[in-house]
Amino acid sequence: MAGLSLQCGDCGALLRSVEEAQEHAELTSHSNFSESTEAVLNLVCTTCGKPCRSKTETDLHTKRTGHADFADKTSEAAKPIELEAPKAPPESEEGEKSAEGEAAQEMAAPEVDKKLLEELESMGFSTAKATRALHYSGNSSLEAAVNWVVDHENDPDIDEMPMVPVEIKIESGKPSLTPEEVKIKAQELRERARKKKEEEEKRTEREKEKERIRIGRELLEAKRMEEENERKRIIALRKAEKEEEKRAREKIRQRLEEDKAERRRKLGLPPEEPATVKPAAPVVEEKKSSLPIKPASKAERMRDCLRSLKQNHKDDDAKVKRAFQTLLTYAGNVAKNPAEEKFRKIRLNNPTFHDRVGCLNGGIEFLELCGFEKIDGGEFLFLPREKVDVAVLHTAGAELNSAIVNPFFGVL
């Protein structure tokens, strides 16, 4: 059966003509072609009429356009492939052609590898047969040319010099790359691809470094602002403590003056002359300090709760101080380990807790201000994980610490 296509021995592609094989060779550097009885597919889209040569092309066409119906016209378009250039037409037909047509049909022997040609001639093949074998075997190797001669030994024109149009000759006359040149060219392509990839990676790394620097600056700025706010909060807290201590001292001084006057009255002594009485210091008007504590109202409530606890149990300073230290321990444990449930859950009937905090008026109320809630019918105090507010716990710790170290706390 006559060949219906040319098949590339390197990639298996089917080609309709010698021209397509030459184009394929120039694009891919493949040079091993042979005749095939398998026709190139001709699948025509019934919607838009686009021809497709393979199942892959039909899939791509369907993906792009949505057309899914194709008519198989392979058998209609299939015809034996012409490996030789068309022979020159009769003189009568030549007279009818224009000068341009005659120039286009100028024929010449194809150019082949001279080294391979000499080797074939040394093996006993004629110049015409060797040229034909090299031309139709793709001018690739001595073995391919010998195999072609064996396969076409019975062809009637086996000993004739092949003729191809000058255009094809010029196109096919382009020097084919040797295996070493192909390797060098492939190496150059790989080197260019590697350099391009390295440049892309460097550019990406520079972008990442810029992003890291930006994030670092933002984190440093946020940390600086946080430290500044904490410094202002501590200054304001110390100022409030000093004002409270000053008010407490003045209150004690006034009580001492009143006690002194009362003792003189009981002893029957006349009251002190106004000239000898030291002028009383002006009463300091109470002002609520504006502390940068969030939330500020809760801080005031915590301070009032601790004052109430101390005043309700002023006869037992040791018990009050122990209660303050226990509350400070609870708040500190939750602030340091917010994920630990054992620090966020307190049994109210626990003897230790009841003796230190639960029995004191104001202890449980202070824990509720920190976020604890009564659950299970009032059996437990529990602080849910999602309601843990570290700022509130820090505020509670600051108030408790002030109540412990300030000897005048709760006097007013």
Side-chain angles (χ1 to χ4, degrees), residues 1-40 78-94 97 101-182:
M1 182 177 180
L4 299 178
S5 63
L6 287 175
Q7 185 175 21
C8 177
D10 296 319
C11 64
L14 294 177
L15 307 161
R16 286 196 179 97
S17 63
V18 175
E19 289 79 4
E20 286 189 4
Q22 291 173 342
E23 293 178 0
H24 181 76
E26 291 178 358
L27 292 174
T28 63
S29 298
H30 297 167
S31 57
N32 186 15
F33 297 94
S34 61
E35 289 186 77
S36 174
T37 57
E38 182 179 358
V40 179
K79 60 180 181 179
I81 189 170
E82 296 182 3
L83 299 178
E84 297 182 9
K87 296 181 180 180
E91 293 182 0
S92 58
E93 296 180 1
E94 288 182 356
K97 292 184 178 181
E102 291 178 358
Q105 293 298 324
E106 184 178 353
M107 308 297 287
E111 292 186 3
V112 296
D113 191 310
K114 295 182 179 180
K115 185 176 180 180
L116 295 178
L117 180 63
E118 292 176 358
E119 292 182 4
L120 287 173
E121 290 178 346
S122 66
M123 295 171 63
F125 296 103
S126 63
T127 301
K129 184 182 291 187
T131 302
R132 181 177 289 271
L134 288 172
H135 174 67
Y136 290 118
S137 64
N139 204 30
S140 58
S141 64
L142 185 65
E143 183 180 357
V146 173
N147 291 335
W148 188 91
V149 172
V150 173
D151 294 338
H152 298 79
E153 184 67 29
N154 297 324
D155 291 355
D157 56 352
I158 187 68
D159 292 318
E160 297 179 5
M161 178 66 73
M163 303 298 289
V164 296
V166 173
E167 291 80 5
I168 296 179
K169 175 185 175 182
I170 295 173
E171 293 177 0
S172 61
K174 296 179 181 179
S176 59
L177 298 176
T178 63
E180 290 76 10
E181 292 174 339
V182 171

Taking every heavy atom of Phe125 against every heavy atom of Ala130, the minimum-distance pair comes out as CB-CB, 4.4 Å
Kindly determine whether Ser137 and Asn147 satisfy side chain to side chain contact (heavy atoms under 4.5 Å, CB included), including the steps that lead there.
CA-CA 9 Å; Ser137 64; Asn147 291 335; over 6 Å; no
Hits for salt bridge (charged side-chain N to carboxylate O under 4.0 Å, His left out) against Asp151, two or more places apart or cross-chain, chain-then-number order -> none
Looking only at heavy atoms, what is the nearest atom pair of Leu134 and Leu116, with distance?
CD2-CB, 3.8 Å
If every non-hydrogen atom of Asp157 is compared with every non-hydrogen atom of Arg132, which pair is closest and at what distance?
O-NE, 3.0 Å
Rounded to the nearest 0.5 Å, what separation is found between the NE2 atom of His135 and the CE atom of Met163?
11.0 Å
Ignoring hydrogens, what is the shortest heavy-atom contact between Leu117 and Thr131? Give both atom names and the distance.
CD1-OG1, 3.7 Å
Quick check for you: to the nearest 0.5 Å, what is the distance between Glu119 atom CD and Lys115 atom NZ?
6.0 Å
List the atom of Pro162, the atom of Pro110, and the distance in Å for their closest heavy-atom pair.
O-CD, 3.1 Å
